[in-house]
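For reference, the structure is listed below as structure tokens.
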Number of protein chains: 2
Amino acid sequence: MTGSHTLAETESQVASRLQGQPIDFSGMAVVSNLFRAANAVRNHLERTVLAQHNLSWTAFVVLWVAWVWQESETRMIAEESGISKATLTGVLKTLEKLGFTTRRRSEKDGRLVIVGLTAKGEALMRRLFPEFNKHESELAAVIPEGRRDEMANHLRAMTIYALTSDQ
Amino acid sequence: MTGSHTLAETESQVASRLQGQPIDFSGMAVVSNLFRAANAVRNHLERTVLAQHNLSWTAFVVLWVAWVWQESETRMIAEESGISKATLTGVLKTLEKLGFTTRRRSEKDGRLVIVGLTAKGEALMRRLFPEFNKHESELAAVIPEGRRDEMANHLRAMTIYALTSDQ
DNA sequence: GAGAGATTGTTTGGATACGAACAAAATGTA
DNA sequence: TACATTTTGTTCGTATCCAAACAATCTCTC
């Protein structure tokens, strides 16, 4: 969406397909740029930081959550990572094969699975996260310093709205 | 990330894993909330608007680009949609099976493939896009009206930075 | 304590998603 | 005109990603 075309060109094209119908172009720009940004940032970080460790974006996020919160239940990891539990099963299989995570049944509740990091996983994250954060910092630097927290808050507000207005 | 935990809790956990190393928490919050928002918004719109037409997010975006710009070359659609050409081949196969798009070789350049919408595809988009935009509008409404265009511009700036700092 | 109901992680099936290798076509160069 | 180079869309292999169905386990109620 709106890749190489200007905003005005795109709006003009859309308007010509829908004579008379009112369109919220600001809302459209927010949502479409949200996705272009997320896509571009994910691909950028995957190529520059993650690929050399055989990590996908999602695999890194899952590893990050397990690293930060330690010995976590899968349902919590799935929620924190923003992925479904079905997806998590597959990602954990990958991370286990790479030797970064471990899985064990909970003794207290036989339904739960507890995820932990191996020594290799711990060592990786101690090196990788600071490097990853440096790239995050560079990306966020395109936003004026006084606006970054506000930006994060607005994104958070959109997330909450999307999650709570589903039914 | 940072699903149910507070920001302060998360920062405290991260700091405890990396004694001494400086971390840019504002940059971290921007990037992580960017992804939570994009994920949540995509899933929300897929469930509420797109699923009833058997459209995934990506399929809708591709259809939207072909609808707005009409008779487009696939390389242009891929770029505008923010996906690889390999992915586009698969998505177009799906859209063609659903009867929304057509494909034909360019007469001028035998390498190119031109994508167009069927009458069914046109009719769908004339109805579907205004409905989709209404949801976009509701999502963007969580941002103060005077900040929406600024937000879109900041997201656009991040996209450009990510795309141009790859090598 | 027995059985209905709820919760959890996995499997299944289908659709993305990418890079790399590829074949076809166009372009540049000698 | 040959022929190397570039461009384009597809195929291949692998990894996500989700909803729905499922089996195992726990909880609640009587």
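Numbered from 1 within each chain, the chains take letters A, B, ... in sequence-line order. Only this structure's heavy atoms are used, side chains among them; waters, hydrogens and symmetry mates stay out.
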Starting at atom [atom1] of [X], determine the distance to atom [atom2] of [N], rounded to an integer number of angstrom.
| X | N | atom1 | atom2 | answer |
| --- | --- | --- | --- | --- |
| B/R42 | D/dT16 | CZ | P | 15 Å |
| A/L112 | C/dA6 | CG | P | 18 Å |
| B/L50 | D/dC18 | CG | P | 15 Å |
| A/N54 | C/dG19 | CG | P | 15 Å |
| B/R47 | C/dA15 | CZ | P | 19 Å |
| B/E73 | D/dT7 | CD | P | 15 Å |
| B/Q52 | D/dA19 | CD | C1' | 16 Å |
| B/E46 | C/dA15 | CD | P | 14 Å |

(request) Could I get the full list of side chain to side chain donor-acceptor pair (under 3.5 Å) partners for B/D109, not counting sequence neighbours? (result) B/R111
(request) Only counting residues at least two apart or in another chain, list the ones meeting side chain to side chain donor-acceptor pair (under 3.5 Å) with A/R105. (result) none
(message) Show every side chain to side chain donor-acceptor pair (under 3.5 Å) that has at least one partner inside residues 139-148 of chain A, sequence neighbours left out.
(response) A/R147-B/E150
Restricting both atoms to N or O, compile the protein contacts to nucleotides 22-25 of chain C shorter than 3.5 Å, with distance only.
unit_1	atom_1	unit_2	atom_2	d
C/dA25	O3'	B/G110	N	3.4

(message) Under the rule for ring-ring contact (aromatic ring centres under 6.0 Å, His included), what residues qualify as partners of B/F100, not counting sequence neighbours?
(response) none
(message) Is the phosphate of C/dG9 approached by A/T74 (side-chain N or O, under 4.0 Å from OP1 or OP2)?
(response) yes
(request) Check for a donor-acceptor pair, side chain of A/N133 on one end and backbone N or O of B/D24 on the other, with a separation under 3.5 Å. (result) yes
When you compare the side chain of [Y] with that of [X], does any pair of heavy atoms fall below 4.5 Å?
| X | Y | value |
| --- | --- | --- |
| A/H53 | A/R127 | yes |
| B/V49 | B/F60 | no |
| B/N39 | B/R36 | no |

(request) Give me the residues of residues 87-101 of chain B where at least one heavy atom lies under 4.0 Å from an atom of DNA chain D, by number, or none. (result) B/T89, B/K93
(request) Would you mind telling me which of D/dT11, C/dA15, D/dC18 lies closest to the side-chain atoms of B/A86? (result) D/dT11
(request) On DNA chain D, check which nucleotide each of B/N39 and B/V113 is closest to and give me the residue with the more 5' one. (result) B/V113
(request) Test side chain to side chain donor-acceptor pair (under 3.5 Å) on B/R17 and A/Q70 and set out the steps. (result) CA-CA 10 Å; B/R17 306 260 160 288; A/Q70 300 193 308; 2.9 Å; yes
